[in-house]
Amino acid sequence: MSNLTTRIIIAGPRGKMGKEAVQLVHETKDFHLAAAVDSKNNGKKIKELSGMPDEDAVIYDDMETCLEETEADVLIDLTTPAAGKEHLELALDHHVRPVVGTTGFTPEDITRLRQKAEEKEIGAIIAPNFAVGAVLMMKFSQMAAKYFPDVEIIEMHHDHKLDAPSGTAAKTAALINEVRPHKSQGHPEEQEELDGARGAEVDGLRVHSVRLPGLVAHQEVMFGGSGQMLTIRHDSLNRQSFMPGVKLAVETVWNIKTLVYGLENIME
């Protein structure tokens, strides 16, 4: 193994994103799968699991034990919001650079974890969405919001997604509201005949969540103006669409000594 090899732990290798990440590490020169963390299969090797590549990485059912027993540089965590928070903190404690693809981090969480990363002088990246196209969709939406203050976000995901709205929708709303003056949309006297019909409200703009089988990850940002509409849309058709962003994050996390929230902050 060369000195340039990045030794990686993957948390959640059996998930749909996790399987793609295992394949990414297996196929990428200078990436090495050091271990995996999974709620099942403790003590087995990755190659013993159905559909996995020929990798000898050992599976642990406990993150702390894995970090104590494994020489690793980076943790890729693609689990759940609760586990992702815990794993990120444990990785920092063990001087392993976390790249986390789960949502659910509050602004207070991010501030605290950023301070911890800076104290440890190592990088950490949290990305609500690893799809490069989705990040561009967010950036373009922020540009448009300066000129179109009337905006609604419709995010559409598979029916196994746990959080609503998605981290991408929440991030998009936050980016838009950095440049958009507060404005309550719709008729000032409108009434919801069914609770939630107008979606969630974020500083005046509306966010709608759709959950259906057959969807992967999709988002429309609709802007309305006098006599015109602008719609910015991104579609992830499969989970391979997220892997270039994961690779970029793993390569970038070496070069920072703070916590970065959002892939847009590491894209040129």
Side-chain angles (χ1 to χ4, degrees), residues 17 80-82 84-85 100-111 126-237 239 241-242 245 261-265 267:
M17 281 280 285
T80 64
K85 283 186 192 181
V100 179
T102 60
T103 56
F105 290 87
T106 66
E108 293 75 23
D109 289 333
I110 292 164
T111 298
I126 302 170
N129 196 320
F130 278 114
V132 171
V135 173
L136 292 172
M137 175 263 298
M138 289 189 271
K139 282 177 171 276
F140 297 157
S141 296
Q142 187 182 44
M143 290 169 62
K146 293 179 184 178
Y147 306 98
F148 289 88
D150 289 279
V151 53
E152 303 216 0
I153 297 169
I154 306 167
E155 58 93 350
M156 297 152 276
H157 283 79
H158 54 91
D159 57 341
H160 294 290
K161 187 167 177 60
L162 297 176
D163 54 328
S166 68
T168 300
K171 182 75 175 177
T172 306
L175 288 170
I176 286 172
N177 283 328
E178 285 179 11
V179 300
R180 170 186 174 272
H182 174 82
K183 180 179 183 180
S184 293
Q185 295 176 180
H187 195 284
E189 296 177 18
E190 75 176 9
Q191 293 185 349
E192 288 184 326
E193 301 298 336
L194 290 172
D195 287 347
R198 289 288 290 117
E201 182 181 341
V202 184
D203 201 23
L205 70 81
R206 297 287 179 165
V207 181
H208 310 265
S209 295
V210 177
R211 297 289 177 268
L212 287 171
L215 294 169
V216 179
H218 317 261
Q219 181 167 296
E220 280 189 0
V221 187
M222 298 178 66
F223 297 89
S226 180
Q228 60 179 322
M229 294 286 300
L230 171 65
T231 300
I232 300 171
R233 178 174 174 125
H234 176 262
D235 298 275
S236 281
L237 304 177
R239 287 163 182 83
S241 64
F242 303 115
Y261 180 69
L263 200 66
E264 70 277 5
N265 294 306
M267 288 172 59

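Using a 4.0 Å cut-off between charged side-chain N and carboxylate O, E264 and K139 make no salt bridge. Using a 4.0 Å cut-off between charged nitrogen and carboxylate oxygen, R198 and E193 do not count as a salt-bridge pair. D159 and K161 are not joined by a salt bridge, as no carboxylate oxygen comes within less than 4.0 angstrom of a charged side-chain nitrogen.
How far CZ of R239 is from CZ of F242: 7.0 Å, rounded to the nearest 0.5 Å. For the atom pair NE2 (H182) and CG (D203), the distance works out to 5.5 Å, reported to the nearest 0.5 Å. In this structure, the separation between OG1 on T168 and NE2 on H157 is 5.5 Å, given to the nearest 0.5 Å. Here the CZ-CD1 distance, from F223 to I153, works out to 7.5 Å after rounding to the nearest 0.5 Å. F148 contributes atom CZ, which lies 10.0 Å from atom OG of S226 (distance to the nearest 0.5 angstrom). The distance from the CG atom of L230 to the CG atom of D150 is 12.5 Å, given to the nearest 0.5 Å.
Considering all non-hydrogen atoms of both residues, H234 and A131 come closest at CE1-CB, 3.8 Å. Listed here is the closest heavy atom pair of F130 and L263: O-CD2, 3.5 Å. S236 approaches H218 most closely through the heavy-atom pair O-CE1, 3.8 Å. Counting all heavy atoms, side chain and backbone alike, A169 lies closest to P165 at CB-CB, 4.1 Å.
The shortest side-chain heavy-atom distance between Q185 and E152 falls under the 4.5 Å cut-off. Here the side chains of V221 and T231 are not in contact, with every heavy-atom distance at 4.5 Å or above. Using a 4.5 Å heavy-atom threshold, the side chains of F105 and P128 count as separate. Two residues are said to be in side-chain contact when any heavy atoms from C-beta on lie closer than 4.5 Å; M222 and I154 meet this criterion.
Tested against Q219, the residues N129, T172, D235 include a single side-chain hydrogen bond (donor to acceptor under 3.5 Å, both in side chains) partner, T172.
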Working note: T102 + T80, criterion side chain to side chain contact (heavy atoms under 4.5 Å, CB included); need CA distance, chi angles, decisive distance, verdict. CA-CA 6 Å; T102 60; T80 64; 5.7 Å; no

With side chain to side chain contact (heavy atoms under 4.5 Å, CB included) as the criterion, how do M143 and S141 come out once you've worked through the C-alpha distance, each side chain's angles and the decisive distance to 0.1 Å? CA-CA 5 Å; M143 290 169 62; S141 296; over 6 Å; no

Starting from the C-alpha separation in whole Å, work towards a yes-or-no answer on side chain to side chain contact (heavy atoms under 4.5 Å, CB included) for L237 and V216. CA-CA 6 Å; L237 304 177; V216 179; 5.9 Å; no

Apply side chain to side chain contact (heavy atoms under 4.5 Å, CB included) to the pair R211 and H158, showing each step before the final yes or no. CA-CA 5 Å; R211 297 289 177 268; H158 54 91; over 6 Å; no

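The number of heavy atoms from other shown groups lying within 6.0 Å of CD (Q191) does not exceed 12.
A side-chain donor-acceptor contact under 3.5 Å links R180 to the backbone of P149. For N177 (side chain) and V202 (main-chain N/O), a donor-acceptor pair under 3.5 Å exists by modelled atom type. A donor-acceptor distance shorter than 3.5 angstrom exists from the side chain of E192 to the backbone of A197, with no hydrogens or angles considered.
Side-chain contact annotation: S209 with E155, donor-acceptor N/O pair under 3.5 Å present.
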